[in-house]
Amino acid sequence: MSSTTQALTDGWVVAQRNLVKIKRVPEVLVFVLISPIMFVLLFAYVFGGAISPPGAVGYKEFLIAGIFAQTVVFGATFTGAGLAEDMQKGIIDRFRSLPMSRTAVLVGRTTSDVVYNVLSLLFMALTGLVVGWRIRGSAGDALLAFLLLLLFAYSVSWIMAWVGLLVPSPDVVNNASFVVIFPLTFVSNAFVPAESFDGVLRTFVLYNPVSTITQASRELFGNTGGQPAPDAWSMQHPVVYTLAWVVLILAVFVPLSVRQFKAASSR
Amino acid sequence: MADMIRAEGLVKHYKDVVALAGLDLSVPEGTVLALLGPNGAGKTTAVRCLATLLVPDGGSATVAGVDVVADPRGVRRRIGLSGQYAAVDEYLTGYENLTMVGRLYGMPKKRSQERARELLDRFDLVDAGDRPSKTYSGGMRRRLDLAGALVAAPPVLILDEPTTGLDVRARQQMWEVIRELVGSGTTLLLTTQYLEEADRLADDIVVIDQGRAIARGTADELKAQTGGERVEVVVAQAGDVETVRRLLGVHALGDVQVDDRSVGAAVRDGTAALRRLLDDLDTEGVRVLDVGLRRPTLDDVFLSLTGHDADTTTTGDDAEVPA
């Protein structure tokens with residue numbers, strides 16, 4: 001068996017183990033699902049009256065793609081916290097004494113978090129539909145948007161996996177991630193139009209991958225209201241630009257995390 | 001008989017602390033070696049190096065003929081490890097824990113399920129098998145962990161303090177299970193803080209302190225080195241202490257120790273010495289509050305081998321180690 005095949009089969013065994021926790025501690029799932037729903041409702045009704053996006057589209061319709069992007073990026077925190085928790089527990093010694101793939105724990109964790117993201121996207125979409133969001137493009141495009149969101153989330157998971165292996169306890173992951181994830185998601189077009197930023201901040205917004213995944217989703221869901229994308233290559237080609245980020249993040253953080261895992265587990 | 005575990009001059013540092021200072025071990029096939037020592041002596045570090053969880057800084061080791069540094073995965077295929085802290089997933093049931101381990105050993109799903117049921121049955125966990133292991137008692141968790149180490153029926157088993165923290169009943173159950181395993185030909189390395197445990201389970205004992213072996217032999221050989229059994233007498237009146245010291249001195253192998261009204265000494269033939277001492281005390285009219293024959297404990301072994309108490313031992317490179 002090649003090492004990649006073994007990483008995948010062992011990773012799937014570990015992912016199944018992670019998912020059993022949903023069955024045993026359903027409370028975890030409740031919070032995974034409630035917080036995005038809360039975000040949809042909060043933003044839609046708190047900012048909905050104050051912000052009016054350009055183009056023929058209401059704020060709720062503008063907002064949903066942004067909330068999707070924000071939630072899946074936040075979801076990566078689970079990956080980091082989950083790994084940090086694994087590293088503290090006795091089970092990691094069992095894994096390390098088995099002739100299994102050394103990356104299976106990482107592959108398993110990032111894979112099981114895709115399932116969390118699928119569930120939270122599903123619940124957010126349903127909440128969105130209830131408050132007035134509509135998919136105006138084709139079903140195929142909408143599916144593509146969801147896939148792109150999941151793929152982007154998967155790559156961010158690997159960043160947080162690395163963070164989770166660096167820090168001493170799961171709590172630190174939560175705090176550390178806020179410092180990075182809040183600026184990334186708020187200094188973007190997720191909640192306010194890119195046009196409302198100036199200068200350096202505007203440049204950051206235009207090239208922030210959270211903006212481009214949001215832009216890509218809006219276009220694929222048909223939620224732009226005919227408003228043309230901002231004049232930047234990244235925003236003009238949001239799908240390609242986002243995919244480039246996904247590849248870049250994975251190329252950097254998969255090896256980094258694997259190396260950190262090996263280092264952390266041979267202390 | 002070939003050595004299933006062999007370590008030569010294993011060295012491991014943690015920053016400036018020396019955990020292993022050149023440890024040599026050999027465990028012939030089908031035998032049990034107990035690594036006996038207090039907390040911080042380097043037992044767990046030794047086990048982790050042999051089980052490929054740690055890379056040693058110096059020396060070499062092979063397990064089932066496979067080098068632990070050159071081919072760690074080869075070693076992992078041939079060992080079962082059960083640690084001091086049960087390595088089970090608390091959200092998974094006993095059955096799920098074992099099938100997961102089986103599949104990570106590369107077993108087909110069906111085979112891993114059969115094996116899990118077999119092991120649950122063998123370790124008396126059938127009733128608890130479908131409950132999350134979180135609900136298990138300490139002893140059950142430890143048995144599940146041991147079952148996890150046996151999933152692939154490895155030829156070499158490494159147990160790190162398998163009974164530390166267990167109550168008397170759970171400890172005895174564990175001993176029974178381990179004895180059965182050894183009976184079926186598994187080579188076993190176990191670490192323990194209890195001489196009694198090493199005595200019951202092991203063919204050979206290596207006493208470890210400050211990261212190196214300070215004595216080796218069978219339990220009887222070690223006890224003989226330690227001075228065998230001890231007679232302890234507690235008298236009612238302080239004035240009798242001197243008499244007891246004199247009478248016990250006749251049988252004592254070394255010095256007679258006096259602590260307040262308690263007098264003790266290592267003796268050769270404990271039962272005979274005790275009988276004669278009691279007769280003598282009776283003749284002298286000494287009123288005795290308590291008298292007993294004590295087998296040497298780890299503390300005694302330690303005191304005699306190192307000159308310091310087991311519980312005051314620290315891992316470090318500054319303490320004296322007798323040749």
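Below, read A as the first sequence line, B as the second, and so on, with proteins coming before strands; counting in each chain starts at 1. Just so it is clear, the values below take in all heavy atoms, side chains as well, and ignore hydrogens, waters and symmetry mates.
- Between chain A and the options B/Pro72, B/Ala149, B/Pro132, the largest number of non-hydrogen pairs under 4.5 Å is found for B/Ala149.
- Per-residue heavy-atom pair counts under 4.5 Å with chain B were compared for A/Val14, A/Val25, A/Val13, and the maximum is reached by A/Val13.
- With a threshold of 4.5 angstrom between heavy atoms, B/Thr93 approaches chain A through its backbone and through its side chain.
- A cation-pi arrangement, defined by a distance under 6.0 Å to the six-membered ring centre and an angle within 45 degrees of its axis, is absent between A/Arg102 and A/Phe261.
- Of the two parts of B/Asp145, the backbone and the side chain both hold a non-hydrogen atom closer than 4.5 Å to a non-hydrogen atom of chain A.
- A perpendicular orientation is assigned to the rings of A/Trp158 and A/Tyr154, their planes being inclined by more than 60° (bins at 30° and 60°).
- Using a 30° and 60° split on the angle between ring planes, A/Phe68 and A/Trp133 fall in the perpendicular class, above 60°.
- Contact annotation for B/Ala152: neither backbone nor side-chain heavy atoms come within less than 4.5 Å of a heavy atom of chain A.
- Between chain A and the options B/Pro154, B/Ala51, B/Gly148, the largest number of non-hydrogen pairs under 4.5 Å is found for B/Gly148.
- Between B/Asp89 and A/Arg17 a salt bridge is recorded (basic side-chain N to carboxylate O distance below 4.0 Å).
- Using a cutoff of 4.0 Å between basic side-chain nitrogens and carboxylate oxygens, B/Glu118 and B/Arg111 are scored as salt-bridged.
- When A/Arg24, A/Lys89, A/Lys21 are compared by the number of non-hydrogen pairs under 4.5 Å with chain B, A/Arg24 comes out ahead.
- Both the backbone and the side chain of A/Arg94 come within less than 4.5 Å of a heavy atom in chain B.
- With respect to B/Asp130 and B/Arg117, a salt bridge is recorded, a charged nitrogen being found less than 4.0 Å from a carboxylate O.
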